[in-house]
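This report concerns only the one structure given below.
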Amino acid sequence: MIKTWRWFGRKDRITLSMLRQIGVEGIVTALHDIPNGAVWPAAAIEELRDFIEAAGLRWSVVESLPVSEAIKYAGPERDGLIQNYIQSLENLGKCGIRTVCYNFMPVIDWIRTDLEHPWPDGTTSLYFDMAEFAWFDICILQREHAEADYSPQVRKRVHELDSAASPEDRRRLVENIIVKTQGFVNGNISEKDTDPVGIFRGLLEKYRGMTRDDLRENMRYFLSAVMPVCEQYGVNLCVHPDDPPMPVLGLPRIVTSAEDIAWFLKAVDNPHNGLTFCAGSLSAGAHNDLVPMARQFAARTHFVHLRSCDVLPGGNFIEAPHTRGRAHLVELIRIFEKANPALPMRVDHGKNMLGDRGYNAGYSFHGRMLALGQVEGMMAAVRNEIENELI
Ligand code: DNO
């Protein structure tokens, strides 16, 4: 596979020349300054592409070209926004950028409650604690009937958390769940917003009463509309799975399991309609068995995120080191290397270690560099197996 790295543009403290030194071949990035829903101008795409190429790298994948909320909830602006999306895909295709990652999660992208969960060795990882999340949902967001979505044990802990919490604890939880993990991925809320919870409630309202089938229908509508331009310019679209892969906050989520993936691939059965196989997101669901899933979907996988989770009792999960966890990265690499050695892959999040500070949540430098080294070692061993016909 091609070794890529998520880079946040010229403002990123991690420079392209640093990335070359650690063996990165391709860049995963987006036009982060263009507001969600607006067309990506060809000139801006070309300019960034040339900047990356001047550093001896190439722009391998767009992550993400965000799908606006009104497309997901089928608001009146949907068709105009889809036209903008088509125009952006055309501009990308003409500039030779042909792998585009997006997601179809309503309101909130990936979710963690703790961004610095300590390991005994002094490093930290991202973590999801179901009771903390329920506390946010029930007591901070105060979503109607939220209690009904959690077990009695979780509700008991919510009560304990709520009576012991300081205003600072509340502020930090809101920041972790809907600000720090969202803003930089082109989310709906940015660090500058003064009332993130209010904005969030307004967005949730747009989905009131929406079922899983309604959301599926909206995804099918979107995919059918954009496939012709993907075919014309050879662009591969690849949806990122929902993270975590389960319904949250009363919202449906529809890219959570093998059944879901099989559904959207068939609903619009076109090779340009594909998957980002995010091993981290999928392995956060105890229902997902990743090795058979990789076998089943390798042919329609256009981009791979290598990361692994451990699922803990009560629905909590932790981001495991890349050599461990339930995703079985070595096995996944065997499958994807054999299916398509030109697939772009990136290590997804890494630990915070050796002084990593101030990076976007999950996107540390040392932690990701260590993970890249570990994964590169696995890839070398697998290539050796393939060359010697051992697998
Ligand atoms: C988090 C990421 C996601 C991902 C988007 C893709 O670290 O994996 O935010 O980039 O969901 O659209």
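Just so you know, ligand 1 is whichever comes first in the structure, and atom 1 is the first atom listed for that ligand. Just so it is clear, the model here is predicted, and its values are computed rather than measured.
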Worksheet entry | Per-atom contacts, ligand 1 versus Asp109 - under 4.0 Å to a heavy atom | 3 (C), 5 (C), 9 (O), 11 (O)
Practice prompt. List for me each residue that meets side-chain contact (heavy atoms from CB on, under 4.5 Å) alongside Asp213, sequence neighbours excluded, and say none if there are none.
Written response: Thr211, Arg216
Worksheet item: Have Trp110 and Ser281 got a donor and an acceptor in their side chains that come within less than 3.5 Å?
Response: no
Worksheet entry | Sub-4.0 Å atoms of ligand 1 with respect to non-hydrogen atoms of Tyr102 | 12 (O)
Response to the item:
Taking only non-hydrogen atoms of Trp110 and a 4.0 Å limit, the atoms of ligand 1 in range are 1 (C), 7 (O), 9 (O)
Worksheet item: Are side-chain N/O atoms of Tyr150 and Asp137 paired as donor and acceptor at under 3.5 Å?
Response: yes
Fill in: Subset of ligand 1 atoms that lie under 4.0 Å from at least one heavy atom of Asn103
5 (C), 6 (C), 11 (O), 12 (O)
Practice prompt. Give the atoms of ligand 1, by number and element, whose distance to some non-hydrogen atom of His349 is under 4.0 Å.
Written response: 1 (C), 7 (O)
Fill in: Atoms in ligand 1 with a heavy atom of Met105 nearer than 4.0 Å
11 (O)
Response to the item:
For atom 10 (O) of ligand 1, the closest protein heavy atom turns out to be Glu63 OE2, 2.6 Å
Discussion item. Is any side-chain heavy atom of Asp243 closer than 4.5 Å to one of Ile111?
Written reply: no
Discussion item. Heavy-atom distances under 4.0 Å decide this one: backbone, side chain, both or neither, for Val185 against ligand 1?
Written reply: side chain
Worksheet item: With a cut-off of 4.0 Å, which atoms of ligand 1 are near a heavy atom of Tyr363?
Response: 1 (C), 2 (C), 7 (O), 8 (O)
Worksheet item: Can an N or O of Ser64 be found at a distance shorter than 3.5 Å from an N or O of ligand 1?
Response: yes
Practice prompt. Apply the test salt bridge (Lys or Arg N to Asp or Glu O under 4.0 Å) to residues Glu337 and Arg383: give CA-CA distance (whole Å), side-chain angles for both, the deciding distance (0.1 Å), then the verdict.
Written response: CA-CA 8 Å; Glu337 278 290 348; Arg383 273 199 294 270; 3.4 Å; yes
Practice prompt. Could you tell me which atoms of ligand 1, counted from 1 in the order shown, lie closer than 4.0 angstrom to a heavy atom of Arg6?
Written response: 2 (C), 10 (O)
Item to complete: Scan for side-chain hydrogen bond (donor to acceptor under 3.5 Å, both in side chains) pairs involving residues 45-58, sequence neighbours excluded, and state none if there are none.
Response: Arg10-Glu47
Item to complete: Would you verify whether the NZ or CZ of Arg13 falls within 45 degrees of the ring axis of Phe365 while also being under 6.0 Å from that six-membered ring's centre?
Response: no
Worksheet item: Strictly by modelled atom types, are Asn176 and Tyr127 linked by a side-chain donor-acceptor pair under 3.5 Å?
Response: no
Worksheet item: What protein heavy atom is closest to atom 8 (O) of ligand 1, reported as residue, atom name and distance in Å?
Response: His240 NE2, 3.2 Å
